[in-house]
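Input: a single structure, listed below in structure tokens.
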Amino acid sequence: FGMGLGFASFTVGNIDRNLTASVFYGFVNTRNTTDMMDQPLMQLSGTFRVSKKLAIVSENWLVSVQGNPFGRSGISSVDSHYEPFISYGCRILNKRGSFDIGFLNTPALWENNFMVGIPYIGFLVRFGKPSDDDE
């Protein structure tokens, strides 16, 4: 078994305000068969720092799916299409890392009146001694 994913990303902005677009294309190898992805994955993310300790963040994916895995209305059970996964939240920053809290949403959740999305949390811990220049 093996798999691989190649990608290209393009970012505009600076450390406080930025937007990144990426395209991913890959393969899966099982036994003696290698299957390439039919369509690429696409991603768009951004950060908008509103203060020294707080940023608004979003990471959004377009994933190619076959059929209708989420049971959405108006979607064919045979054709492939892109399904969006949208996340939004805030990032609390300090010298030792960051803490994220936000929501993940999809059109399937919207159709089922779950408008806010599924909550998520994340954290990053920075190892080593922070320098005086770090914010």
Side-chain angles (χ1 to χ4, degrees):
F1 177 81
M3 57 191 284
L5 192 65
F7 68 95
S9 293
F10 179 75
T11 301
V12 293
N14 57 36
I15 197 166
D16 294 327
R17 293 183 179 108
N18 57 67
L19 188 64
T20 299
S22 302
V23 176
F24 301 80
Y25 194 75
F27 68 90
V28 175
N29 184 302
T30 54
R31 304 196 183 206
N32 295 326
T33 305
T34 300
D35 295 317
M36 300 299 288
M37 292 173 61
D38 291 334
Q39 298 175 344
L41 296 169
M42 292 180 268
Q43 182 258 353
L44 182 67
S45 62
T47 301
F48 184 82
R49 197 167 190 168
V50 294
S51 71
K52 183 177 180 179
K53 301 283 185 185
L54 183 67
I56 305 300
V57 294
S58 180
E59 185 169 334
N60 309 291
W61 291 82
L62 283 176
V63 179
S64 176
V65 296
Q66 183 70 33
N68 192 4
F70 302 111
R72 292 183 50 211
S73 61
I75 302 291
S76 167
S77 61
V78 177
D79 297 332
S80 66
H81 67 282
Y82 277 102
E83 192 73 30
F85 290 82
I86 300 162
S87 74
Y88 50 92
C90 64
R91 177 169 292 151
I92 301 165
L93 306 146
N94 65 44
K95 290 182 179 184
R96 299 296 295 162
S98 64
F99 177 79
D100 293 354
I101 185 165
F103 297 94
L104 171 68
N105 216 327
T106 69
L109 291 172
W110 295 327
E111 287 179 5
N112 290 299
N113 296 319
F114 199 72
M115 302 305 279
V116 174
I118 299 169
Y120 76 85
I121 60 170
F123 61 92
L124 176 130
V125 177
R126 186 174 180 178
F127 295 104
K129 183 180 176 191
S131 68
D132 292 335
D133 296 336
D134 292 338
E135 293 186 31

- Is there side-chain contact between M3 and L5, with at least one heavy-atom pair below 4.5 Å?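 No. Closest side-chain heavy atoms not under 4.5 Å.
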- Message: If you define the side chain from C-beta out and look only at heavy atoms, does anything of I92 sit under 4.5 Å from L54?
- Response: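 Heavy-atom side-chain distance check passes, below 4.5 Å.
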With clusters defined by side-chain heavy atoms of hydrophobic residues (ILVMFWY) lying less than 4.5 Å apart, directly or transitively, does [Y] cluster with [X]?
{"X": "F27", "Y": "V23", "answer": "no"}
{"X": "V65", "Y": "L41", "answer": "yes"}
{"X": "L19", "Y": "I15", "answer": "no"}

In Å and rounded to the nearest 0.5 Å, what is the [atom1] to [atom2] distance from [X] to [Y]?
{"X": "R96", "Y": "F127", "atom1": "CZ", "atom2": "CZ", "value": "8.5 Å"}
{"X": "S58", "Y": "I86", "atom1": "OG", "atom2": "CD1", "value": "8.0 Å"}
{"X": "K53", "Y": "S98", "atom1": "NZ", "atom2": "OG", "value": "11.5 Å"}
{"X": "M42", "Y": "N60", "atom1": "CE", "atom2": "CG", "value": "12.5 Å"}

Residues forming a side chain to side chain donor-acceptor pair (under 3.5 Å) with [X], sequence neighbours excluded:
{"X": "D35", "result": "none"}
{"X": "D16", "result": "R49"}
{"X": "S45", "result": "Q43"}

- Message: Check this for me: N14, atom CG, are more than 12 non-hydrogen atoms of other residues, nucleotides or ligands nearer than 6.0 Å?
- Response: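 Yes, CG of N14 has more than 12 neighbouring heavy atoms, counting only those of other groups under 6.0 Å.
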- Item | Y25 atom OH, neighbour heavy-atom count above 12 within 6.0 Å |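 Count over threshold, so yes.
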- ring pair (Phe, Tyr, Trp, His ring centres under 6.0 Å) partners for F24, two or more places apart: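 Ring pair (Phe, Tyr, Trp, His ring centres under 6.0 Å) check on F24 returns F7, W61.
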- Task: Say whether, by atom type as modelled, one donor and one acceptor occur between the side chain of T20 and the main chain of T11 under 3.5 angstrom.
- Result: no
- Which heavy-atom pair separates E83 from P107 by the least distance, and what is that distance? OE2-CD, 3.8 Å
- Who passes side chain to side chain contact (heavy atoms under 4.5 Å, CB included) against I121, sequence neighbours left out? F99, I101
- For L109, enumerate each residue passing the side chain to side chain contact (heavy atoms under 4.5 Å, CB included) test, keeping only those at least two apart in sequence or located in another chain.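 With neighbours one apart ignored, the set is N105, T106, F114, I118.
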